[in-house]
Structures are given as structure tokens and as C-alpha cells.
Amino acid sequence: MVGPSIHELHFDGAPDVGSVPGPKTTRLLQKQREIDSAAVSYPENIPIAFEEAKGATIRDVDGNTYLDFFAGIGVLNVGHANPYVMEAMHKQADKLVHTVDFPTEARLDLIEKLDAIAPGNLAGNSKVVFGGPTGSDAIEASIKLAKYNTEGNGLVAFRNAYHGATSGAMSLTANKKFKAPYTPLLPDVVHAPYPYPFQQAKDPEEAVEDALAEVRATVLDPYGGLANPAGIFVEPIQGEGGIVVPPQGFLSGLRDIADEAKIPLVVDEIQAGLGRTGEWWGSDHFNVTPDVITTAKALGGIGLPLSATIYHEDLDTWGSGDHAGTYRGHVPAMEAGLRSIEYIESHDLLAYARDLGEYIRSRLREVGADNSFLADVRGRGLFIGAEFVDEDGDVRNAGDFVAGIQQRCYENGVLVWKAGQYGNVLRLLPPLVLTDAQAEVGMDIIVDAIEAESSDRAAGA
Ligand SMILES: Cc1ncc(COP(=O)(O)O)c(C=O)c1O
């Protein structure tokens with residue numbers, strides 16, 4: 001077994017919080033408001049300033065220690081400062097940090113490892129391109145790759161999708177408010193419905209049929225309107241959109257359409273990938289082999305910036321220099337990525353994430369059984385969403401409710417996040433190294449927060 005057991009990774013005794021935010025936190029937040037960008041957003045949701053972190057625990061500058069059920073939005077899959085990863089990262093950082101794309105052992109080992117764990121038949125047949133360090137950069141690379149190989153330009157994406165904040169990625173993203181100030185973006189992007197049985201009030205088969213019918217018409221119908229399709233871009237499970245798990249049949253249906261149209265199926269694994277769902281990739285849950293996957297977030301091991309686009313070798317038609325970027329050789333991040341994959345393998349964390357996720361969802365379902373505000377519990381592995389509605393069963397006005405739960409959790413030492421277009425989905429993304437005991441304590445606090453918020457709402461507070 002490599003590195004310490006998951007039980008040895010954390011600060012002891014978490015959660016352990018006093019009255020928050022404490023004085024040092026308050027001072028830092030105030031200074032940040034004065035000098036930092038108006039675009040800063042996370043502290044608007046949780047007023048916190050961090051000092052240090054270990055495993056699934058994180059400490060603020062006032063010494064309060066929290067259980068982290070948020071993990072940097074799916075970045076810290078092997079926990080904060082995992083020693084097995086840190087050791088190699090430090091060693092590498094002392095030797096060599098930046099190489100553009102000259103070969104290093106770390107780079108080549110990581111490429112081989114990603115090829116070995118790639119979904120379906122992509123394993124053993126893939127190429128990996130590193131570009132810029134963010135998820136958005138990987139999406140841009142995948143758009144270029146699709147266009148280059150098909151000589152098309154039409155892109156199919158999905159409603160409720162999030163793919164990033166650069167222009168191409170924003171074009172694929174569905175949120176109009178997010179991209180409205182920057183139009184025109186890429187032309188010829190069509191957003192088809194993503195099957196979301198809960199919000200669409202459809203049974204799963206109908207939701208899949210309707211979504212696939214739209215994609216089929218867009219891509220294959222001579223009067224479908226998209227003249228030169230280049231690719232279908234999809235999250236295997238929508239993350240920002242609210243941990244929306246598509247029913248079986250959707251991804252495989254997209255696979256069939258992409259094959260018929262001879263365009264690549266690009267699966268965005270940036271949030272769902274690298275073990276988060278209890279399989280290496282979200283697409284593994286649907287037995288579908290994408291032509292291209294994008295990965296970032298957890299790829300840098302302990303939060304170092306690194307992204308990659310992994311694609312079938314048949315698509316490897318670029319000439320030298322056809323995709324570029326200064327930061328495509330961050331060697332410590334590559335070493336950290338490799339080590340974090342090894343740690344997950346060695347500690348059998350995929351199976352562990354599946355079981356722990358089931359426990360967390362069962363706790364949420366138990367609350368939902370007699371709580372009319374908690375309407376749907378979803379997810380795979382430790383990619384978990386609980387969708388809330390208001391007194392009238394309406395999803396649109398339940399964002400405040402989830403904000404209230406988030407605040408109560410924070411005050412009691414558990415960091416949780418939100419998702420969904422109305423902010424009405426409680427999103428839980430703990431590191432895969434969260435222990436059973438931590439999960440139980442954390443869920444007690446989360447359940448109490450849901451119940452307290454529900455009683456206040458029911459009482460009209
Ligand atoms: C599915 C998905 N794709 C792309 C991105 C963009 O990644 P980044 O923020 O690193 O650019 C995100 C970020 O949350 C994401 O969840």
C-alpha cells in the first residue's frame with residue numbers, strides 16, 4: 001500500500017469550530033473586499049479565510065477546523081496535502097518545474113497512466129494533449145481537435161451544461177446570464193435538452209428519448225439546421241447544473257448518433273472524473289467509450305493546476321505545434337497527478353467512494369422521506385446532489401433554502417456547496433479519503449441543518 005492509510009491524513013477532532021467568522025477571518029475578508037476583484041465569489045457564500053488543510057479537514061486563520069465536503073469543487077480527491085503526493089511533488093519542485101513539452105519521466109508516466117485508466121476502448125488507444133492548466137483550456141483543446149478532424153464547426157452541447165469561462169467553453173455553457181455580456185461567442189452551437197427526469201417531470205425513458213430525438217434531428221436531419229457538425233460535447237453527469245445523472249441510454253444514444261454522423265463524442269470529465277463517481281470516469285457508469293475526454297481539477301493531485309485532453313489515437317492528426325500553450329509542462333503537477341492516481345488505486349478508493357456515497361445518499365433519503373422540501377437525491381460515488389423545492393414544490397425559489405443549509409453547516413463545522421440553475425441543489429463533493437467516522441459526523445450536521453432550516457421555513461421564519 002502506498003502512503004499512509006486514509007485514517008492518518010486528517011487533523012484530529014474535526015469539526016471543531018467556535019463562533020465563526022472569527023476576528024482574523026473577518027479582517028482578511030474585509031481587506032479582500034477592499035483590494036481584490038469585484039468578481040470574487042466564493043467568500044460571498046461562505047465567509048472564510050483558510051490557513052492550512054489535511055485530508056478531508058481544513059482550518060481557518062482563527063484555528064477553527066472544518067470537515068470539507070466540498071474539496072475545492074472536486075479538486076482534492078485524495079485529500080488536502082496527501083503526504084504520498086506531497087513528497088513526490090516537493091522532490092520534483094526542488095529539481096525541475098517547467099519544461100513546456102520536453103519529455104520528463106513524470107510527463108511520460110502520467111500519459112501512460114491516463115491511457116491505462118481511460119474509459120472503455122480508449123484505454124490502450126489514446127493520446128494525451130496538455131495545453132493550458134485549466135479545465136476551460138482542455139475544453140478549448142477539445143473544440144479545436146473536433147474541428148480539426150471533421151473540418152466542421154457546428155457544436156452540440158446541452159441545456160444546463162457548464163464547461164468553463166473562456167470563449168469556446170462559454171459557448172458550450174448553457175447559462176445565458178453568465179455569457180450574455182460577451183456575445184457573439186462561437187457561432188453554430190446548439191443546446192439540446194439534457195435528460196433531467198426530476199425537473200422535466202418525465203419518466204427516465206421519455207426524458208432520454210426526447211433529448212436524443214433533438215440531438216438526432218440537429219445533427220442528422222437534412223433540415224435540422226446545423227450544416228457542418230463537428231462534435232457533441234456532454235458532461236456524463238452534470239455538475240454545476242445540479243448533479244444531474246442522466247438515465248441509462250442517453251450517453252450510449254449519443255454514441256450512436258456521433259458514430260452515424262462521423263463526429264466525435266466529447267465527454268467533459270473535468271468535475272466527474274478521476275474517481276469522484278466511484279469509477280475512474282463518469283462515462284464508465286454508462287459503458288460508453290468517448291472519442292475524447294477532458295480532465296482537469298483532480299488531475300493536479302493536490303490542487304496544482306493541470307488539465308489534459310485525452311483522445312482516440314485516430315484523431316491524432318495535428319502537426320507539430322498545432323496545439324500549444326506555455327504551461328503544458330508543469331512537472332510537479334504531473335508528478336502529483338500520477339501519485340494521486342496511484343494512491344486511489346492502492347487504497348481501493350473507487351470502491352470506497354461508491355460505498356461511502358451510498359451511505360451519504362441513504363442519510364439524505366432518510367431525511368427526504370418525511371421532509372417535503374427535500375425532493376430528490378442523486379449522484380454516483382461521492383458526486384452527490386440533493387434537490388430542494390419550496391412550500392409549493394417549486395424549484396425556482398429554493399435557492400435561499402440551500403443557502404440557509406450551507407450557512408448552518410458552516411457554523412457547525414462542515415463545508416458544503418450548492419449547484420443547479422436556481423442554486424437549489426445541495427452539492428456534496430468530499431475527498432475520497434473522508435473516513436466513515438467523518439462521514440457520519442458530517443452527515444449528522446448536514447441532516448440537522450436541513451431539519452432546522454425546514455422547521456424555520458415551515459414556521460414561516
Ligand atoms: C464540467 C466542467 N467543465 C469545465 C469546467 C471548467 O474548468 P476550470 O474552472 O478549471 O476552467 C468546470 C469547472 O467547474 C466543470 O465543472
Side-chain angles (χ1 to χ4, degrees), residues 37 39-42 45 70-77 119 130-146 155 157-175 178-179 182 185-186 189 191 194 196 231-246 251 265-277 280-283 285 290 292-310 325 327-328 330 333 337 378-385 417-421 423 425 427-429:
S37 166
V40 164
S41 69
Y42 281 78
N45 293 280
F70 142 73
I73 302 286
V75 167
L76 299 148
N77 287 4
F130 298 104
T134 71
S136 303
D137 294 314
I139 294 290
E140 298 294 335
S142 70
I143 294 172
K144 286 169 68 179
L145 188 77
L155 310 177
F158 291 87
R159 302 206 181 114
N160 208 36
Y162 184 78
H163 296 285
T166 51
S167 288
M170 260 199 295
S171 308
L172 299 177
T173 292
N175 183 347
F178 186 65
K179 57 190 196 174
Y182 312 109
L185 293 164
L186 292 182
V189 178
H191 287 85
Y194 192 90
Y196 193 163
I232 300 173
F233 293 75
V234 66
E235 290 164 271
I237 294 173
Q238 288 187 329
E240 300 302 304
I243 318 296
V244 184
V245 184
L251 232 55
L265 175 64
V266 181
V267 178
D268 180 349
E269 296 276 4
I270 288 166
Q271 194 164 153
L274 287 167
R276 166 76 24 215
T277 64
W280 280 119
W281 309 103
S283 23
H285 289 276
V292 182
I293 61 171
T294 51
T295 177
K297 287 193 186 277
L299 184 61
I302 31 86
L304 295 177
L306 183 67
S307 80
T309 304
I310 305 171
Y327 289 104
R328 59 191 144 132
H330 189 328
R378 304 186 283 264
R380 293 284 181 276
L382 291 169
F383 199 34
I384 298 167
W417 208 249
K418 300 181 293 185
Q421 54 180 308
V425 177
R427 174 166 35 164
L428 306 180
L429 310 168

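As the structure lists them, so they are numbered: ligands from 1, and atoms in each ligand from 1. In this text the structure is predicted, and so the values were computed from the model without any measurement.
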One finds that the ligand 1 atoms under 4.0 Å from a non-hydrogen atom of Thr134 are 10 (O), 11 (O)
Under 4.0 Å from a heavy atom of His163: which atoms of ligand 1 are those, numbered in the order shown and with their elements? 3 (N), 4 (C), 5 (C), 6 (C)
More than 12 heavy atoms from other groups under 6.0 Å of OH on Tyr182: no
With a cut-off of 4.0 Å, which atoms of ligand 1 are near a heavy atom of Tyr162? 1 (C), 2 (C), 3 (N), 5 (C), 12 (C), 13 (C), 14 (O), 15 (C)
N/O donor-acceptor pair under 3.5 Å between Gln238 side chain and Arg159 backbone: yes
Output yes when a side-chain donor or acceptor of Thr173 lies under 3.5 Å from a complementary backbone atom of His163, and no otherwise. yes
Applying a 4.0 Å heavy-atom criterion (strictly less than), which segment of Ser136 is in contact with ligand 1: side chain, backbone, both, or neither? both
Donor-acceptor pair, side chain of Arg380 and main chain of Ala272, under 3.5 angstrom: no
Measure Glu235 to ligand 1 on non-hydrogen atoms and call it side chain, backbone, both or neither using the 4.0 Å cut-off. side chain
Does the Ser307 side chain pair with the main chain of Gly135, one donor and one acceptor, at a distance under 3.5 Å? no
Residue-ligand contact Glu269/ligand 1, heavy atom below 4.0 Å: no
Judged by atom type as modelled, is there a donor-acceptor pair below 3.5 Å linking the side chain of His285 to the main-chain atoms of Thr277? yes
Show which atoms of ligand 1 fall inside a sub-4.0 Å distance from at least one heavy-atom site of Gly135. 7 (O), 8 (P), 10 (O), 11 (O)
Closest protein heavy atom to atom 14 (O) of ligand 1, given as residue, atom name and distance to 0.1 Å: Lys297 NZ, 3.1 Å
Atom indices of ligand 1 within 4.0 angstrom of Glu240 heavy atoms, with elements: 14 (O)
So does Gly131 get a backbone contact from the side chain of Asp137, meaning a donor-acceptor N/O pair under 3.5 Å? no
Taking only heavy atoms of Gln271 into account, list the atoms of ligand 1 that are under 4.0 Å away from them. 14 (O), 16 (O)
Do the rings of Tyr42 and Phe70 sit parallel, tilted or perpendicular, given the 30° and 60° boundaries? tilted
With a 4.0 Å cut-off on heavy atoms, is Asp268 in contact with ligand 1? yes
Heavy atom of protein inside 4.0 Å of atom 9 (O) of ligand 1, strictly below: no
